[in-house]
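Nothing fancy with the numbering, it's 1 onward along the sequence. Bear in mind the structure is a predicted one, so any value in this text is a computation, not a measurement.
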Amino acid sequence: MSSTEIDFYELLEVSRDADDGTIKSAYRKLAMKWHPDRNPGDPDAEARFKAVGAAYDCLKDPQKRAAYDRFGHAAFEQGMGGGQSQQGDFGDIGDIFETIFGSAFGGGGGRPQPRRGADLRYDMQIGLEDAFHGQQTQIEIEVSTGCEPCGGSGAEPGTGTRGCNMCNGYGKVRAKQGFFVVERPCPTCNGRGEVIEKPCSACRGEGRVDQAQTLDVEIPPGVDTGTRIRLSGKGEAGPNGAPSGDLYIFIHIKEHPVFEREGTTLLTRVPISFSKAALGGSVEIPDLGGDSNVIDIPAGIQSGKQLRVRGGGMPVLQGRGRGDLVVEIAVETPTKLSKAQREILEQFRETETGDECPESRGFFEKLKDVFSV
């Protein structure tokens with residue numbers, strides 16, 4: 001989905017005479033709807049999120065909006081020199097129009113803001129018990145952090161910066177392309193408007209260095225595989241003192257020897273003896289919370305029958321209550337019988353009338369009806 005092919009007003013679902021407040025409200029609603037955190041793994045939602053951000057960046061600026069109302073997308077296509085670069089993270093959407101259009105229409109004045117550091121991903125594997133109770137834990141990662149000797153400025157301690165001679169401290173240079181004068185970030189100072197006199201020896205002028213960090217992580221009860229935990233500002237440090245990105249922790253739940261999980265529902269398969277299946281009884285299943293679930297087995301239960309324990313499952317993430325525990329019964333046929341047990345079963349077979357197992361009797365009666373001559 002490309003924002004350059006669809007009318008900006010249609011993207012934001014507002015009329016062309018909408019006021020600034022209406023446009024802002026519409027943008028916030030759509031940005032929340034299509035935000036990647038609410039639509040993980042959906043590239044179409046990501047594209048829509050970027051598109052509405054680009055549309056809002058244009059329409060919120062009175063001069064850009066006036067140019068767009070008069071010329072449409074053609075107002076921004078002249079002299080662009082072959083397209084625009086793709087931005088790597090969601091925090092840069094607001095830079096799309098600022099970078100491409102600059103102040104060619106009188107907006108976007110001033111130096112470009114330093115680009116924030118990259119967001120990082122960390123994959124964490126935990127057990128089902130930890131997902132049930134939640135836990136406080138620590139992780140160790142190697143990440144770019146602000147350089148301490150220079151305080152993130154990139155300049156050797158005791159030195160500073162001076163104005164850029166190329167752009168005279170403005171941070172942008174102008175170039176005439178077609179009918180337009182287009183502003184671009186200065187290639188000498190990268191848009192900062194100043195250059196470092198003597199780069200810091202510790203970080204070589206970057207303002208950041210790679211180092212190991214130990215971070216505290218709180219895992220809430222009820223997390224599941226795919227849950228993301230965001231640590232704000234714990235991602236990669238931005239260059240030359242720019243803000244840091246975020247760290248996203250992706251949770252993966254280990255396979256459990258007893259329980260399977262479907263959302264907040266826990267499932268387990270319980271084998272029982274054929275005598276318990278016939279006569280009834282009970283089984284005891286441990287609860288991840290520390291208690292036990294006593295499950296009544298009705299007489300005559302069959303293999304595959306599922307019994308549900310309300311509130312015996314996983315906690316609801318950031319909510320109240322628990323899911324259910326589902327127990328699937330598997331009737332086990334004995335393979336080793338003592339002489340006395342065999343004699344008892346022989347006596348039972350001699351007394352069978354067919355009424356004890358109506359499903360079996362009905363099946364064989366159907367066979368007789370179908371294949372009788």
Test item: D61 side-chain N/O and Q63 main-chain N/O as donor-acceptor pair under 3.5 Å: yes
Less than 4.5 Å apart, any side-chain heavy atom of T145 and any of V143? yes
So does D42 get a backbone contact from the side chain of N39, meaning a donor-acceptor N/O pair under 3.5 Å? no
Quick check on E332: does its CD atom have over 12 non-hydrogen neighbours (other residues, nucleotides or ligands) under 6.0 Å away? no
Does any N or O in the side chain of R116 come within less than 3.5 Å of the main-chain N or O of P243, such that one atom is a donor and the other an acceptor? no
Measure from NZ or CZ of R228 to the centre of the six-membered ring of Y248 and say whether it is under 6.0 Å with the direction within 45° of the ring axis. yes
The reported gap from CG in N165 to OG1 in T188 (rounded to nearest 0.5 angstrom) is 8.5 Å
Under a 4.5 Å cut-off applied to non-hydrogen side-chain atoms, are T268 and L266 in contact? no
Begin with the C-alpha distance, continue with both residues' side-chain angles, and end with the deciding distance and a verdict on side chain to side chain contact (heavy atoms under 4.5 Å, CB included) for E197 and T161. CA-CA 5 Å; E197 293 180 346; T161 60; 5.8 Å; no
For E284 and S292, which I'm curious about, is there any donor-acceptor pair between the side chains at under 3.5 Å? yes
Check: E156 side chain, S201 main-chain N or O, donor-acceptor pair, under 3.5 Å: yes
Between V316 and I126, is there a shared hydrophobic cluster once you connect ILVMFWY residues whose side-chain heavy atoms come closer than 4.5 Å? no
When you compare the side chain of L325 with that of N293, does any pair of heavy atoms fall below 4.5 Å? yes
Determine whether the side chains of T22 and D19 contain a donor N or O and an acceptor N or O closer than 3.5 Å. yes
Is there a side-chain contact between K33 and R48 (heavy atoms, below 4.5 Å)? no
Heavy-atom count check: over 12 atoms from other residues, nucleotides or ligands less than 6.0 Å from R342 CZ? no
Is there a path from Y122 to L120 through hydrophobic residues (I, L, V, M, F, W, Y) whose side chains come within less than 4.5 Å of each other? yes
d(C150 SG, K198 NZ) to nearest 0.5 Å is 13.0 Å
Minimal heavy-atom distance between V223 and P220, with the atoms involved, is CG1-O, 3.2 Å
Is there a path of hydrophobic side-chain contacts, each under 4.5 Å between heavy atoms, that joins V258 and F132? yes
Give the C-alpha distance, both sets of side-chain angles, the deciding distance and a yes or no for side chain to side chain contact (heavy atoms under 4.5 Å, CB included) between L215 and L231. CA-CA 9 Å; L215 302 176; L231 299 185; 4.2 Å; yes
Can a salt bridge be assigned to the pair E206 and R208 using a cut-off of 4.0 Å between side-chain N and carboxylate O? yes
Is any side-chain heavy atom of L307 closer than 4.5 Å to one of I297? yes
Does a donor on one side chain and an acceptor on the other come within less than 3.5 Å for D210 and S144? yes
I need the E142 CD to Q213 CD distance, nearest 0.5 Å. 10.5 Å
For G311, is there any backbone N or O sitting under 3.5 Å from a side-chain donor or acceptor partner on R322? yes
Whether over 12 other heavy atoms sit under 6.0 Å from Q306 CD: yes
Any sub-3.5 Å donor-acceptor pair from H35's side-chain atoms to A45's backbone N or O? no
If you count heavy atoms of other groups shown closer than 6.0 angstrom to CD of E328, is the number above 12? yes
Would you say the side-chain atoms of D324 pair up with the backbone N or O of G312, donor to acceptor, closer than 3.5 Å? no
Any donor-acceptor pair under 3.5 Å from E343 side chain to A340 backbone: no
Using a cut-off of 6.0 Å, state whether more than 12 heavy atoms not belonging to E148 lie near its atom CD. no
Do you know which two heavy atoms are closest between C167 and V173, and how far apart they sit? CB-CG1, 4.1 Å
Can you list the steps and then say if R121 with D119 is a salt bridge (charged side-chain N to carboxylate O under 4.0 Å, His left out)? CA-CA 7 Å; R121 170 173 177 154; D119 293 338; over 6 Å; no
State whether E346 and R349 are salt-bridged, where the test is any N-O pair (Lys NZ or Arg NE/NH1/NH2 against Asp/Glu carboxylate O) under 4.0 Å. yes
Reported CH2-to-CD distance for the pair W34 and E46, which is rounded to 0.5 angstrom: 13.0 Å
Beyond-backbone contact of D224 with T264, side-chain heavy atoms, under 4.5 angstrom: no
F274 reachable from I329 in the ILVMFWY side-chain graph, under 4.5 Å edges: yes
Here the pair of heavy atoms bringing A51 nearest to L11 is O-CD1, 4.0 Å
Under 4.5 Å between any side-chain heavy atoms of M166 and C186, yes or no? yes
With hydrophobic residues grouped by side-chain heavy-atom distances under 4.5 Å, do L128 and V217 end up in a single group? yes
Keeping the roles fixed (side chain from R308, backbone from V326), state whether a donor-acceptor pair exists under 3.5 Å. no
Measuring from atom CZ of R65 to atom CG of D20, what distance do you get when rounded to the nearest 0.5 angstrom? 6.5 Å
Kindly indicate, with the supporting measurements, whether the criterion side chain to side chain contact (heavy atoms under 4.5 Å, CB included) is fulfilled by I285 and F259. CA-CA 11 Å; I285 306 296; F259 298 111; 4.0 Å; yes
T225 side chain vs I253 backbone, donor-acceptor pair below 3.5 Å: yes
Heavy-atom closest pair, residues K234 and L247: O-CB, 3.7 Å
Do I219 and D130 come close enough that some side-chain heavy atom pair is under 4.5 Å? no
To the nearest 0.5 Å, what is the distance between CG (L288) and CD (E129)? 5.5 Å
For Q211, I'd like to know if atom CD has over 12 heavy atoms of other residues, nucleotides or ligands within 6.0 Å. yes
For K24 and Y56: C-alpha separation, side-chain torsions, deciding distance, then whether side chain to side chain contact (heavy atoms under 4.5 Å, CB included) applies. CA-CA 8 Å; K24 185 176 183 180; Y56 177 65; 3.5 Å; yes
